[in-house]
Amino acid sequence: MFGYIVRRLALMLVTLIGISIIIFVLLRVVPGNIVDILFDAAGFVDPADKANLEKELGLSDPIVVQYLHWIGGLLRGDLGYSYVSEKPALDEILPRIPITARLAGLALLFSASIGIPLGVISAVRQGTRLDYALRVVSLSGLSLPSFWLGLLILMASVSLFGSMPIFNPNPKTWTEAIAIYCVPAMAVGFRSAALTMRITRSSMLEILRQDYIRTARAKGASESSVNYRHALKNAILPVITVIGIEAAFLIGGLIVTETVFNIPGIARFLVEALRWRDYPIVQNLVMLIAVVVVVANFTVDMLYAVIDPRIRYGD
Amino acid sequence: MRSVKTLAVGVLAVLAAYDVSLAGEPKAGGIFRIYHRDSPGGASIHEGATYSLNVPFMPVYSNLVLFNQHIAQNSVDTIVPELAESWAWSSDNKTLTFKLRHDVKWHDGKPFTSADVKCTFDMLMGKSPQKFRQNPRKSWYEQVNDVTTNGDYEASFNLKRPEPALLSLLASGYTPIYPCHVSPAEMRTRPIGTGPFKFVEFKANESIKLVKNPDYFKKGLPYLDGIEFTIIPNRSTAILGFVSGKFDMTFPTEVSIPLLKDVKAQAPNAVCVVEPNNVSTNIIVNSSSPPFDNIDIRRALALALDRKAFIQIMFEGQGDIGGTMEPAPAGLWAMPKEMLESIPGYGPDINANREEARKLMQKAGYGPDKHLQIKVSTRNIPVYRDPAIILIDQIKSIYIDGELDVVDTAQWFPKVARKDYALGLNLTGNAVDDPDQSFYENYSCGSERNYTNYCNKDIEKLFDQQSAETDLNKRKKLVWEIDKKLQEDVARPIIFHARTGTCWQPYVKNVTIMSNSSYNGFRYEDVWLDK
């Protein structure tokens, strides 16, 4: 097991180096840089001013030098300066991480706490009206775009309550504090909950047909014990895999949700930074997301071993 | 020296006071909450070229002079003193001297003097060791030789030749005075001004906060405790926020005509105004290479336009047809209707225009069996894209098959500057309703923003002639002549001038939306909340 973990950690490091190169090169392949955007806003390009600004921002250096400068800075904890705000990139990114982390955490919690129980119920009650109803709900979740759902929620809030749960850094009441995170988390987590529900259902159906489940029932185990202790424990592995993948994909959903609910998290910030070609922000943020994804994958792999003792890595 | 038009200013001041009294006795206090349409690149107005910057940061600064904030139509007659106590032109109209206030302090407590005026304009003219990262309005001061000071409280602009428009340029929201002792880099991130509100913080993509300046040189002002801009790029969310009462005002001139209906339906008490904003939607034609190097094809293009259809489709009829200068009644320099309609393509009979256009196309070798294939390039933004699609539909009628070529914002101006386009759809905003700002910037030979490279030395002479003309009526006639010629030469065919809406809650008092500029009306020093 120890050897496996060391190998996985080494692989993580290689993956991250590879990702850093890809991010860096891709960003520079995209036409236009911050200087183009600044001059675009001014409506003309003055070649001399443009060259000066590119030099000032280090954009005229060879790409390898720029890359080494970035990686060197990363290792020292210096993420550079935002081209737009001219503040340290770390100061721009750090305050936004807890906001997005809270939102993503709540979305995943919503996804798991709704998706898994409903998936189990749907499987156990296979073919009943309840099963059909739940399958309709899950299909809706997979088909409704989160921005549309978010806008619907906002419109309904304004129409019914005369207020709307968009982000407020200083909420006045505890209900507002809950609403500004929970409502967007539900909007973004709905699709993920639907997927979790479908995976849980199909995995449960497969397990419920196994011999050992029949044996458990024959031994007089209660229905809930059969469903949750014997079946779910074995059906949960693919669900964990899906939740792990969803955690990685969540950032895509969060971009839209953070925009609709006006949440100043890293997802929306990333899009804005991309629009401005603010390289220090984009490359560090994408790197951060890459680390989260790689670590999430690693955690899922480790969870397999914890949940299913039959799985042993390495030797 | 000729004296200032004090009488006019006095009358305007009385009118402004009358306006306040109509709204009731102003109440002090409260935070004015406005949503902002996007995150501006910085806080330095001199380095920006979008009113996304003027709206939140104009309250931080002061100008020497400013357009009266309660008269919608900016003109030289509505200019009032701000950091200047008075101004006067020399008898040869080549020196403009400002007497400055003695009681003004920067937000960091340092005194304001004439040195700050000189510093600001030296930087704008590129004569200072301190440089702006970008200086988009350097050309505004082409006729200024230098700025000199006489003691701490007098500054003079010495001109190469008379330029009556200079005063209007100085009265724009784009012309604040910067402190000598603060670097341009600091002004981008932590601006120091002398305005009614002090800068508190700017969180990119989140918010901009300003707080009342207790030492503001106009005693008793501002009424508000502060202004908060919440940055909401999603228009639907922003409008819902306004409807639900989270915001006191929408972002100025950002509510489209169809959206305005929704706002009025959901918030019937909201006060909404629709004003022209001196932004024209126009066609840029690459006349340096085929097929548009052929004047017949360019003329055919201009004749094919059904301007009313654009306005009907995009603004439900609420737009204006005109030349380069903003149409009347909001625009000060618009040519008379009959003169406009005499320009080819502006006549009311669209079918006859298009018939003529088809003949020109046939003369150039195109016809029903041989269509001209071109790409219509434009920025990938709805206000650009939507009219481009209508344009493509309209030019089909004269044997031109257009294909939409949407260009990423970062690539738009570099592409246009490279002349890497045949036909483009562009928007041109004018900060000041004055021909000097518009003509030189967009049509002068060699100007950076003359995207089509239109160059006509005869017209250039007329530009200078009108610019130096001190008789307003004579100048107007020259401007009409120039504008007509520009349209006839298909220099940059103007399709329409847009109108847009702004809404605020009924308790917001003393907001005026300018009708011939989107850049000059955001000082907010006497806005108050009747709560």
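The sequence lines fix the lettering, A, B, ..., with proteins before strands; numbering per chain opens at 1. Small disclaimer: the values here were computed from a predicted structure and weren't measured.
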Asker: For Lys55(A), I'd like to know if atom NZ has over 12 heavy atoms of other residues, nucleotides or ligands within 6.0 Å.
Answerer: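 Incorrect, the count does not exceed 12.
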Asker: Looking at residues at least two apart in the chain, or sitting in another chain, which of them share a side-chain contact (heavy atoms from CB on, under 4.5 Å) with Ile71(A)?
Answerer: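 With sequence neighbours excluded, Ile71(A) shows a side-chain contact (heavy atoms from CB on, under 4.5 Å) to Ser20(A), Tyr67(A), Leu74(A), Leu75(A), given in chain and number order.
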Asker: If you look at every heavy atom in Trp276(A) and Ser39(B), which pair is closest and at what distance?
Answerer: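 For Trp276(A) and Ser39(B), the tightest heavy-atom pair comes out as CZ2-O, 3.8 Å.
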Asker: For side-chain contact (heavy atoms from CB on, under 4.5 Å), just list the numbers for Met164(A) and Thr237(B), CA-CA rounded to whole Å, side-chain angles, deciding distance to a tenth of an Å, and then say yes or no.
Answerer: CA-CA 9 Å; Met164(A) 57 192 270; Thr237(B) 309; 3.8 Å; yes
Asker: Who among Leu154(A), Thr259(A), Val260(A) has the most heavy-atom pairs with chain B under 4.5 Å?
Answerer: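 Looking at each of Leu154(A), Thr259(A), Val260(A) in turn, Val260(A) comes out on top.
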Asker: I'd like to know if Glu56(A) and Lys131(B) make a salt bridge, using a cut-off of under 4.0 Å between side-chain N and carboxylate O.
Answerer: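 No, Glu56(A) and Lys131(B) are not salt-bridged.
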Asker: Rounded to the nearest 0.5 Å, what separates atom CD1 in Ile99(A) from atom CD in Glu206(B)?
Answerer: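 Answer rounded to 0.5 Å: 6.0 Å.
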Asker: If you measure from CD on Glu258(A) to CG on Asn205(B), what distance do you get to the nearest 0.5 Å?
Answerer: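 Output value for this atom pair is 10.5 Å.
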Asker: Specify the closest pair of heavy atoms between Ser85(A) and Thr189(B), including all atoms of both residues, with the distance to one decimal.
Answerer: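 Ser85(A) and Thr189(B) have their closest heavy atoms at O-CG2, 3.0 Å.
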Asker: Count the heavy atoms belonging to other residues, nucleotides or ligands that lie under 6.0 Å from NZ of Lys172(A), then report whether that count exceeds 12.
Answerer: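 No, the 6.0 Å shell around NZ holds no more than 12 heavy atoms from other groups.
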Asker: Where is the tightest heavy-atom contact between Arg133(B) and Val84(A), given as atom of each residue plus distance?
Answerer: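 Heavy atoms of Arg133(B) and Val84(A) come nearest at NH2-O, 4.5 Å.
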Asker: So for Phe147(A), is it side chain, backbone, both, or neither that comes closer than 4.5 Å to the heavy atoms of chain B?
Answerer: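 Neither; nothing under 4.5 Å.
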Asker: Select one option (side chain, backbone, both, neither) describing which atoms of Phe202(B) are under 4.5 Å from chain A's heavy atoms.
Answerer: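 Answer is backbone: N, CA, C or O of Phe202(B) sit under 4.5 Å from chain A.
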Asker: Check the surroundings of atom NZ in Lys375(B): do more than 12 heavy atoms from other residues, nucleotides or ligands lie under 6.0 Å from it?
Answerer: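 Result for NZ/Lys375(B): open.
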Asker: Please name the pair of heavy atoms, one in Ser163(A) and one in Ser244(B), separated by the smallest distance, quoted to 0.1 Å.
Answerer: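 Smallest interatomic distance, heavy atoms only, reads CA-CB, 4.0 Å.
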Asker: Given the rule in the side-chain contact (heavy atoms from CB on, under 4.5 Å) test, do Thr230(B) and Ile166(A) qualify, once you have shown the distances and angles that lead to the verdict?
Answerer: CA-CA 11 Å; Thr230(B) 303; Ile166(A) 63 167; 5.7 Å; no
Asker: How close do Ile231(B) and Arg268(A) get, heavy atom to heavy atom, and via which atoms?
Answerer: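 Shortest heavy-atom separation between Ile231(B) and Arg268(A) comes out as O-NH2, 3.5 Å.
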